[in-house]
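Convention: sequence-line order gives letters A, B, ...; per-chain numbering from 1.
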Amino acid sequence: MPKGYAMRLTRMFLPTLKESPADAEVISHRLMTRSGMIRKVAAGIYNLLPMGLRVIRNVERIVREEMTRSGAQEVSMPFVLPAELWKESGRWDVYGSELLRVQDRHGRDFCLGPTHEEVVTDMVRREVRSYRQLPLNLFQIQTKFRDEIRPRFGLMRGREFVMKDAYSFHSTDECAEREYRNMYDTYMRIFERCGLLFRAVEAETGQIGGSFSHEFMVLASTGEDAIAGCSSCPYAANTERAEIGEPVAGMGPSPPDVKEKAIEEVRTPGMKSVEEVSAFLKVPPARLIKTLIYSTDKGPVAALVAGDCEINEAKLKRAVGTETLALADEKAVGGATGAPMGFAGPVGLRIPLYADWAVRDISGGVAGANSADAHIINVAPGRDFKARYGDLRAIREGDPCPRCGSPIEIKRGIEVGHIFKLGAKYSAAMNSTFLDENGGARPFIMGCYGIGIGRTAAAAIEQNHDAEGIIWPRPLAPFDCHLVPVNVNDSETVKASEAVYSSLVEKGYDVLYDDRDERAGVKFKDADLIGVPVRITVSSKTLKEGAVEVKERKAEGARLVKTECLAEEVKKILAVKCAPGG
RNA sequence: CGGGGCGUGGCUCAGCCUGGUAGAGCACCGCGUUCGGGACGCGGGGGUCGGAGGUUCAAAUCCUCUCGCCCCGACCA
C-alpha cells in the first residue's frame with residue numbers, strides 16, 4: 001500500500017476562523033470559509049486553499065474514475081472561446097448577460113466558456129466523418145464562468161466554478177438513449193461513492209435545450225430547488241417539471257350544490273389580488289379563475305388557473321408551443337383585455353385561452369371582467385368561455401402522483417448533476433454531420449452530462465454538518481485521521497503521537513497532525529470545524545494505560561483504544577462505506 | 001435592471017444622528033502563569049476610516065459623485 005499524505009498543522013496553510021465573514025449566509029459557505037478551505041477574491045470568485053483543494057480533488061477523482069470506467073474519454077477544451085462558434089449555434093445572442101464577453105487586442109469577440117457544446121461539436125465535426133467512429137463520449141473537468149445576476153452561497157453558486165462536462169455523439173437515437181442510461185447509472189455510482197444522500201429526478205431542460213433530462217439532487221433542507229417525490233413509487237421530478245394527472249370530472253373544488261346562474265358583473269374597486277377579491281366577495285380562492293396574460297412569440301395568450309393554485313410556466317410554454325414566454329406588461333395586458341392589470345378574465349377575451357384542469361370543474365366561478373374595478377360572478381367554464389385544458393399548475397404537497405396516484409411529497413435539494421439528451425439541436429445548427437451506412441450526411445445525435453464539482457463539495461456540507469462544523473463523508477474528507485496531542489510539551493505524549501503519525505501514514509492513511517502548541521480546547525474546536533472523520537487524541541492520561549482516544553466525528557462519544565490495536569480500529573471505522581477503489 | 005443596506009487594523013463590529021487628537025473583542029509579536037473543549041495577566045506592533053471632490057477654523061462624522069460588497073425583488077395581477 002502506498003504511503004498516505006502526512007501534514008503537520010504547524011506547516012499547513014490553514015487559516016481557520018472563529019467567526020464567519022459577514023457575507024456568508026448559507027452553512028456550507030460559512031463552514032468552508034471558517035475551516036480555511038476557501039477565501040473570496042471577488043463576488044462569486046474564490047481562492048481554493050489547500051484544505052479546500054483536497055476536497056475538490058477527491059470529488060474530481062471519483063468523477064474521473066467513474067467517467068473513465070463508463071467509457072468516456074477525458075479531453076481539455078479552452079476556457080476562452082471565439083464568438084464565431086457561439087454565433088453559429090445562435091447562442092451568442094440568446095445566452096444573455098450571463099455570457100461574459102471579452103475582446104482581444106485586435107477587437108475580436110470572445111467569451112469565457114459557461115458550457116462547451118459549441119466547442120466540442122466543432123471539435124468532433126472536424127474529425128469524425130463516419131458512423132463507424134461513433135459513438136463517442138468526451139468529458140473534461142474544467143473551470144467555467146457564468147456571470148450570474150446574483151452570485152451567492154460560496155461555491156454553491158459562484159460565477160467561476162469547476163464543472164465536469166461530458167458530451168456524447170451518436171449515429172442513432174437508440175444509441176444516444178443507451179448512453180443516456182449509461183450516464184444515469186454512472187452518476188448514480190458517482191454520488192453513491194461520494195457518500196451523499198441524493199435523488200435522481202425528471203427535470204426541465206432550460207437553457208441547454210434538448211428532449212429530456214434528469215437532475216441529480218443532493219437532499220438538504222437548505223437546497224434551492226424543490227423536488228416532488230412520490231411517497232410510494234419511484235417517481236420524482238423537479239417541481240418545475242412535475243406532472244399532475246387529469247382529475248376525475250366532478251371532483252373539483254366547488255361544492256356541487258351551486259346552482260347555475262347567469263353571469264353578473266360586480267364592482268370590485270381596487271381589488272386585484274386573489275386574496276383581496278376572495279375576501280371582498282366572500283368566495284373561497286379555489287372558485288376564482290386567475291387569469292394571467294402572457295406575451296409569446298405566437299402573440300398574447302391567457303392562462304387560467306384556480307385561484308388557490310400557482311401557474312407553472314414551463315408547462316404553459318409547452319402547451320402553447322412557444323419558444324419565448326413572459327408575463328405581459330401593463331401595455332400588453334391593456335391591449336389584450338382593454339383593462340388595467342388585475343381585472344383580466346376569460347369571458348369575452350379574444351386571445352387563445354389555456355386553462356388548467358381544475359378550472360374546468362369550477363362552478364359559480366369568479367373572474368375579472370376585463371374592465372377596471374369589476375369582476376364577474378357565476379362564471380361557468382364551458383358555458384361562458386371555451387379554453388384548451390391541460391396540466392398547467394405547479395405541483396403541491398399531497399397532489400396525486402402522476403404514475404400511481406399516491407400523495408406527492410415536496411423536498412428540497414441541491415442540483416449537483418444534470419444529464420440531457422440533446423438530440424441534434426447543436427449538431428444541426430452547426431452543420432455537424434457524419435456519413436451513415438448509406439453514405440448520407442446526418443447530424444450527430446448528442447447528449448450532454450454535467451456535474452458541479454465545487455457544488456458537490458458544498459452540498460456535502462449542507463447535508464453533513466452540526467453546530468460545531470463539517471462532518472465529511474469519508475470519500476470526500478481532506479484527511480482520514482486528525483491526530484491531536486493534548487500537550488506538545490509533554491515528551492511522552494509527543495513521542496507516542498509521532499509514532500502514531502508515522503505508522504498511520506505508513507499504512508496509507510492521510511493524517512493531519514495538530515502539532516501546534518495550543519490548548520486542547522482550541523485543537524478540539526478546530527478538529528470539529530474541519531470535520532475529518534476520525535480524531536485520535538493522545539495524552540499522558542491515557543498513555544498510562546497504553547491507550548489513545550479515538551473519536552468519530554459523526555458519533556457522540558470517544559473510546560479508548562490500546563495503541564497496538566489503533567491501526568486495526570482505524571481501518572474498521574474507515575472501512576464502513578469505503579468506496580470501491582477509494 | 002429596480003429597491004434597501006454596508007464599506008472604520010487580518011476578522012467581527014462600535015463611533016457617524018449632534019463635526020473637535022480613531023476605539024473594543026478576536027487574531028498577531030514578547031514575557032510570565034496556565035494546560036482535555038476557542039485560558040489569564042502585563043507589555044507591544046498594526047488603520048491615508050473604500051476612492052475623488054466639496055462645505056468648514058476643523059470631516060470617519062455633513063453634501064455630491066464614484067467604486068466595491070451585501071440583502072430583497074425582478075413570475076402569480
Checking all strands, does R34(A) fall into the base, sugar-phosphate, or nothing category for heavy-atom contacts under 4.0 angstrom? base
If you look at every strand shown and take non-hydrogen atoms under 4.0 Å, does R393(A) touch a base, only sugar-phosphate, or nothing? nothing
Ion pair present between E215(A) and R241(A), side-chain N to carboxylate O less than 4.0 angstrom? no
Checking side-chain contact (heavy atoms from CB on, under 4.5 Å) against L288(A), which of D308(A), I362(A), V366(A) comes through? V366(A)
Check whether any side-chain N or O of K18(A) sits under 4.0 Å from OP1 or OP2 of A27(B), and answer yes or no. yes
Quick test of your reading: applying side-chain hydrogen bond (donor to acceptor under 3.5 Å, both in side chains), list the pairs with at least one residue in residues 344-355 of chain A, sequence neighbours left out, ordered by first then second residue. Y354(A)-R388(A)
Ignoring backbone atoms, test whether K523(A) places a side-chain nitrogen or oxygen under 4.0 Å from the OP1 or OP2 oxygen of C35(B). no
Please state whether the phosphate of C69(B), meaning OP1 or OP2, lies under 4.0 angstrom from any side-chain nitrogen or oxygen of R152(A). no
Contacts of R516(A) and L292(A) projected onto RNA chain B by closest heavy atom; the upstream (5') one is R516(A)
For I376(A) and E265(A), work out which heavy atoms get closest and say how close. CG2-CA, 3.8 Å
Is D490(A) touching bases, backbone alone, or none of the nucleic acid, heavy atoms closer than 4.0 Å? nothing
Would you classify E518(A) as touching base, sugar-phosphate or nothing, given that sugar-phosphate means primed atoms plus P, OP1 and OP2, and contacts are heavy atoms under 4.0 Å? nothing
Do NZ/NE/NH1/NH2 and the carboxylate oxygens of R455(A) and E462(A) come within less than 4.0 Å? no
Using a 4.0 Å heavy-atom cut-off, does T542(A) contact any base of the nucleic acid, only the sugar-phosphate backbone, or nothing at all? base
Scan nucleotides 1-15 of chain B nucleotide by nucleotide, 5' to 3', and note B when protein non-hydrogen atoms come under 4.0 Å of the base, S if they reach only the sugar-phosphate, - if neither. ----------BSS--
Sugar-phosphate, base or nothing in reach of V484(A), heavy atoms under 4.0 Å: nothing
